[in-house]
Number of protein chains: 2
Amino acid sequence: MTQTRIMLADDHAVVRRGLRLVLEGEPDLRVVAEVGDGAEAVERGLRDDVDLAVLDISMPRMTGLQAARELTSRREGLRVLILSMHDNEQYLFEALRSGASGYVLKSVADRDLVEACRATMRGEPFLYPGAVRALMRDFVERARRGDTPPDDPLTPREVEIVKLIAEARTTREIAGELVLSEKTVERHRTNILAKLGMRDRVELVRYAIRRGLVEP
Amino acid sequence: MTQTRIMLADDHAVVRRGLRLVLEGEPDLRVVAEVGDGAEAVERGLRDDVDLAVLDISMPRMTGLQAARELTSRREGLRVLILSMHDNEQYLFEALRSGASGYVLKSVADRDLVEACRATMRGEPFLYPGAVRALMRDFVERARRGDTPPDDPLTPREVEIVKLIAEARTTREIAGELVLSEKTVERHRTNILAKLGMRDRVELVRYAIRRGLVEP
DNA sequence: AGCGCCATCCGGGACGCCCCCCATTTGCGC
DNA sequence: GCGCAAATGGGGGGCGTCCCGGATGGCGCT
């Protein structure tokens with residue numbers, strides 16, 4: 001019988017221990033690796049003894065979302081499941097765009113996690129019920145006022161900031177151009193990075209270019 | 001009679017004083033503004049009382065090359081003349097790609113600077129004799145071994161570093177992946193930024209994407 | 001043999017980025 | 001009115017970026 005070989009990525013050892021306990025209880029699931037940050041996850045996940053990567057979103061060195069992008073783009077066939085803290089639905093859309101096949105909350109029942117792993121391995125997407133509702137709400141919302149861009153959790157002000165950051169302006173310059181305090185610009189930048197699950201300005205630039213907000 | 005209205009951008013007041021002295025001696029040239037850094041240059045140069053911007057390459061906040069890119073892309077009709085320290089021909093090609101109409105050395109005779117201003121305003125390119133020689137040498141060089149990329153002053157090692165930087169790796173991560181000291185990676189990055197006349201990693205990302213070194 | 005270029009490494013310092021806490025004001029929807 | 005999101009700001013702190021001035025060894029060219 002073929003087992004699904006799983007890599008767990010979370011910066012809290014306790015969480016990894018808990019997840020491992022849940023998964024090892026199932027005969028068809030086996031945890032073959034544990035890592036504590038996103039960079040390690042990419043490194044380890046590229047080796048072909050891993051079938052499924054279970055990634056926490058917030059990790060040091062590299063977020064789970066970025067690790068997901070790296071892994072799915074660099075290794076065909078690897079499945080990725082994103083773990084989100086609490087019941088925050090914020091990163092759902094970004095996670096799906098990162099190539100994740102599934103998205104579950106840490107707070108879900110153990111049953112759901114196991115089911116998510118199996119669904120993901122069958123190639124089916126798995127979303128926790130709240131995520132499905134969020135997707136539907138988003139769909140309706142978007143259909144109602146049909147002018148909004150396809151996906152972009154950013155506010156108009158934040159988009160403005162992103163553009164300037166991607167044009168290589170420093171915080172001080174942006175504050176000067178928009179007549180704001182540097183603190184406010186920093187605040188916006190922090191919020192933007194959190195929303196998109198990114199680490200720094202460099203990732204933001206590529207995002208801005210992909211979205212056509214600025215020229216390369 | 002219509003005078004050419006000139007903005008001088010250099011971080012050394014002494015140099016600006018000298019340039020102003022040279023230019024004010026000509027009846028058809030008038031210095032209408034002096035600024036001390038690249039960001040100021042962009043801000044001031046966008047106002048339409050400036051016909052020609054004379055930009056030093058190395059300036060605080062924003063290099064002359066980046067200011068040139070900003071200005072030429074955001075204000076049609078503005079001419080740009082790049083001033084280079086010493087007889088360093090390094091930035092010549094990058095300057096031409098930045099939309100500069102002319103490129104002169106600080107050490108050239110005053111006569112040349114005035115001629116460069118006039119040629120630039122007539123829409124003709126102006127290069128100091130050494131630059132012409134450099135261009136020819138480059139042309140011959142490229143024609144001989146026709147496979148080299150069109151322009152890229154970077155060494156293979158530097159290109160490797162640029163790719164990793166553009167993939168949002170930190171210095172520490174790059175050092176780890178290439179098995180180098182962080183200091184070495186920093187040194188490479190500094191050299192790269194200097195060669196390309198850029199300020200920070202954000203500009204590097206856009207450069208890397210334009211050159212096709214990484215995907216957006 | 002000397003010169004220039006490349007690649008590697010070091011220490012130190014200024015500054016910007018990024019994060020955490022906190023707070024206020026404004027406007028929108030229920 | 002009350003909650004909520006968006007936008008605005010402050011204080012403080014860790015760490016990464018970026019630059020400065022060095023140094024070494026290898027390699028090719030003259």
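Values below: every heavy atom of this structure, side chains too, minus hydrogens, waters and symmetry copies. Lettering follows sequence order; numbering is per chain, from 1.
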Partner of Thr171(B) under side chain to side chain donor-acceptor pair (under 3.5 Å), picked from Arg189(B), His188(B), Glu182(B), Arg201(B), is Arg189(B)

Exercise for the section: Could you check Val179(B) against Asp200(B) and say which one's nearest nucleotide on DNA chain C is further toward the 5' end? Expected result: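 In this pair, the answer is Val179(B).
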
Flag, side chain of [X] to backbone of [Y], donor-acceptor distance under 3.5 Å:
X	Y	result
Thr63(B)	Gly197(B)	yes
Arg79(B)	Ser101(B)	no
Asp200(A)	Glu203(A)	yes
Glu24(B)	Leu21(B)	no

Return no unless some side-chain N or O of Ser181(A) is found under 4.0 Å from OP1 or OP2 of dG10(D).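 Yes.
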
### Message
Does dT17(D) have its OP1 or OP2 closer than 4.0 Å to a side-chain nitrogen or oxygen of Arg201(B)?
### Response
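For Arg201(B), the contact criterion (side-chain N or O under 4.0 Å from OP1 or OP2 of dT17(D)) is met.
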
Please tell me if the side chains of Asp37(B) and Glu40(B) come closer than 4.5 Å, counting only heavy atoms from C-beta onward.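 The answer is yes, as the side chains (C-beta and beyond) meet within the 4.5 Å cut-off.
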
message: Nearest to the side chain of Glu186(A), heavy atoms from C-beta on, is which of dC19(D), dG12(D), dT8(D)?
response: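 Closest of the options to the side chain of Glu186(A): dG12(D).
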
How is [X] classified with respect to the nucleic acid when contacts are heavy atoms under 4.0 Å: base, sugar-phosphate, or nothing?
X	value
Asn191(A)	nothing
Thr184(B)	base
Arg172(B)	sugar-phosphate

query: Taking atom CG of Leu193(A) and atom CD of Glu158(A), what is their separation to the nearest 0.5 Å?
result: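 Interatomic distance, Leu193(A) CG to Glu158(A) CD, rounded to 0.5 Å: 10.0 Å.
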
Between CZ of Arg5(B) and CZ of Arg47(B), what distance do you get to the nearest 0.5 Å?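 Atom-to-atom, Arg5(B):CZ and Arg47(B):CZ are 11.5 Å apart.
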
Axis-to-axis angle across the helix from dA1(C)-dT30(D) to dC30(C)-dG1(D), five pairs each end, nearest 10 degrees, ~ 50°

Chain A vs DNA chain C, heavy-atom contacts under 4.0 Å, first-to-last nucleotide span, 5' to 3', is dG16(C) to dC22(C)

note: Glu182(A), atom CD; dG10(D), atom P; distance rounded to Å ~ 10 Å

